[in-house]
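Taking it in order: structure first as structure tokens, then the write-up.
Predicted, not measured: the structure shown is a model, and the values here were computed from it. Letters A, B, ... are given to chains in the order of the sequence lines, protein chains preceding strands, and every chain is numbered from 1.
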Amino acid sequence: MTLAIDWPQGEITRIPYALYTDPGVFDREMTRIFAGPGWAYVGLEAEIPSPGDFKTTFVGNRPVVVTRDESGDVCVFPNRCAHRGVKFCRQEYGHTRHFVCPYHQWSYDLQGRLRGVPFIRGVKQQGGMPADFERADHGLPPLVVTTRHGVVFASFDARVPALEQYLGESNLAYFDRVFDGRALTVLGYSRQLIPGNWKLMFENIKDPYHASLLHVFLVSFGLFRADQPSAVKMDDTGAHSLLISRRGEQKRSDATSDIANLREDLVLEDARLLDPVKEFAGDATVVMQTIWPNLIVQQQSNTLALRQLRPRSPLEFELHWTFFGYADDDAAMTKRRLRQANLMSAAGLVSADDSEIIKLAQDGVSRFRDDAAVLLMGGRDVQDTDHMITEGAIRAFYRHYRKVMEV
Amino acid sequence: MLSLDARAGLEDLYADYAARLDDGPLETWPELFTEECEYLVVPRDNYERNLPIAVMRCESIAMLRDRVRAVLETVMYEPRYLRHHVTNVRGRVREDGAIDARANFSVIEVLPDELPRVLITGKYVDRVVRVNGELRFAQKHCVFDSVLVPNTIVLPV
């Protein structure tokens with residue numbers, strides 16, 4: 001099927017608004033991007049520490065089950081019965097030895113292999129499955145799974161390259177900066193249903209230009225500023241990206257003169273809300289990483305979070321936040337992470353700006369389908385930069401997107 | 001069981017609380033808390049699994065005032081009206097004289113060009129004490145039933 005998108009060949013400085021609304025585009029994204037050869041984040045090993053532990057989540061809009069089997073391996077398979085398609089597992093997390101579909105009680109083991117089919121031989125020589133019915137032919141087709149330092153990824157497409165190769169050198173290095181092999185502790189969850197196209201979320205995190213303008217809280221407290229040493233890095237494909245910056249001061253400068261609402265006078269009455277301490281090597285105090293197709297890794301001061309995208313339709317997506325720390329954090333560090341979490345997620349003093357903006361962006365693009373977004377800040381190319389006044393990482397994303405989508 | 005007077009006092013406190021959030025001024029909302037209060041807005045799943053992340057966490061009246069200021073002066077959001085409905089108020093007097101109070105809440109949100117919708121529902125798990133003769137929240141845990149929220153909870157619950 002061809003897509004009815006008017007988009008000149010090779011163009012990455014204009015993004016047709018139709019990409020944010022078109023059902024045909026969305027269907028192809030679900031197939032090519034989310035069910036294609038990419039590593040989708042599905043969870044942390046710390047969420048399923050013991051054999052028999054499981055969680056449910058999504059790859060794209062497809063529900064999946066993530067388990068730890070008897071041998072300790074992580075398995076991922078579709079959360080839909082091989083028989084009639086029922087989304088059989090209704091719990092978000094739990095512990096079990098097998099899964100039973102409530103409809104006809106087909107049962108599966110922790111690897112998704114079909115174990116039991118009631119009345120398989122019929123009742124009193126009546127009915128039953130045909131003689132050539134093999135349970136082995138009717139299991140839940142496993143996704144390929146990889147883990148790195150406690151983070152679990154899965155793919156519907158076995159052609160996906162090894163994770164290390166997939167991420168590329170710089171993205172792997174920064175991934176390992178947060179996931180350095182230490183045991184992780186899940187601190188909790190938050191979820192938002194954001195009335196916008198999922199790509200707007202990726203664009204937002206690949207866009208350091210907005211962060212130094214929109215986020216008055218961040219800028220006012222110096223957490224992210226245009227005048228701080230910064231970098232934007234991508235892998236060779238442009239699929240993944242890193243925004244790297246460091247904390248500055250709470251004062252005006254040439255660089256902040258364009259920021260209409262910088263609040264130099266903003267002082268916290270209770271400074272414990274924002275009491276960051278250095279915990280990673282190097283000068284960076286904030287690193288925002290996007291990993292194609294569904295993950296944002298956030299390190300802003302001492303808040304560590306994974307944001308998983310679950311597209312629901314062209315017009316809305318869920319953002320699933322998992323906050324975490326390290327098993328060796330002391331009580332003061334945990335407290336610090338919990339307090340700084342005020343900046344993030346469903347009621348975040350910083351992230352609220354973004355979810356509100358995405359809604360307003362969708363409100364605009366949905367009604368002007370024939371128009372296009374402009375991505376010219378920082379030039380027309382997709383090079384890494386050592387500043388944040390650029391939209392290069394968004395251009396790189398769309399260059400890769402066009403290749404994968406053949407659009 | 002609370003006395004009728006104590007129950008009426010508690011009901012009045014919740015009504016006052018809702019009015020300050022819904023009709024403002026928002027700056028007066030922290031006045032209903034104690035200096036060392038704990039205010040959390042937390043998904044029920046986290047709360048029941050002892051996962052400590054809250055979407056709002058204030059550990060003093062000063063932190064409540066910081067949140068109000070940050071929301072009013074730094075956050076970009078569409079204008080909106082909220083309407084709190086607090087029901088099933090009940091309480092039990094503790095040995096130290098404080099009241100363990102519980103209530104259900106639902107918050108209706110009205111955005112520009114949209115019909116009213118439920119933002120969140122849940123329960124308050126509160127501890128109420130008397131400060132200079134007035135009832136104040138020493139603890140307010142707003143435990144909401146859905147982890148998933150429609151876009152953003154900008155204003156306090």
Check each atom of I357(A) against the heavy atoms of chain B and say whether the ones under 4.5 Å are side chain, backbone, both or neither.
-> both
Side-chain donor or acceptor of N104(B) paired with backbone N/O of K123(B) under 3.5 Å = no
Under 4.5 Å to a heavy atom of chain B? For S345(A) that would be side chain
Which of L51(B), N151(B), V154(B) touches chain A most, by non-hydrogen pairs under 4.5 Å | N151(B)
Under a 4.5 Å heavy-atom cutoff, which of V42(B), D45(B), T74(B) has the most pairs with chain A?
-> T74(B)
Per the side-chain hydrogen bond (donor to acceptor under 3.5 Å, both in side chains) rule, which among H141(B), R127(B), Q139(B), K140(B) passes with E38(B)?
-> H141(B)
Donor-acceptor pair, side chain of T303(A) and main chain of Q300(A), under 3.5 angstrom | yes
Counting heavy-atom pairs under 4.5 Å with chain B, the top scorer among T334(A), T185(A), L193(A) is L193(A)
Cut-off 4.5 Å, heavy atoms of chain A, and the answer for P43(B) is side chain
Considering only heavy atoms and a distance below 4.5 Å, find which of E92(A), H320(A), E316(A), K335(A) pairs most often with chain B.
-> K335(A)
Quick check: are there more than 12 heavy atoms from other residues, nucleotides or ligands sitting under 6.0 Å from CZ of F54(A)?
-> yes
Is the shortest distance from a Lys or Arg side-chain nitrogen in R182(A) or D328(A) to a carboxylate oxygen in the other one below 4.0 Å?
-> yes
Count the heavy atoms of every other residue, nucleotide or ligand shown that sit under 6.0 Å from CD of E36(B), and state whether that count exceeds 12.
-> no
Picking from R67(B), R69(B), M56(B), which has the most non-hydrogen pairs under 4.5 angstrom with chain A?
-> R67(B)
Separation between CZ (F179(A)) and CG (L44(A)), nearest 0.5 Å, reads 6.5 Å
Of L268(A), L273(A), L319(A), the largest count of non-hydrogen pairs under 4.5 angstrom with chain B goes to L268(A)
Top residue by heavy-atom pair count (under 4.5 Å) with chain A, among V55(B), I153(B), T152(B), D66(B)?
-> D66(B)
Taking the six-membered ring for Trp and the full ring for Phe, Tyr or His, determine whether the centres of Y14(B) and F137(B) are under 6.0 Å apart.
-> yes
Most chain B-contacting option - heavy-atom pairs closer than 4.5 Å, from A346(A), A271(A), A341(A), G196(A) | A346(A)
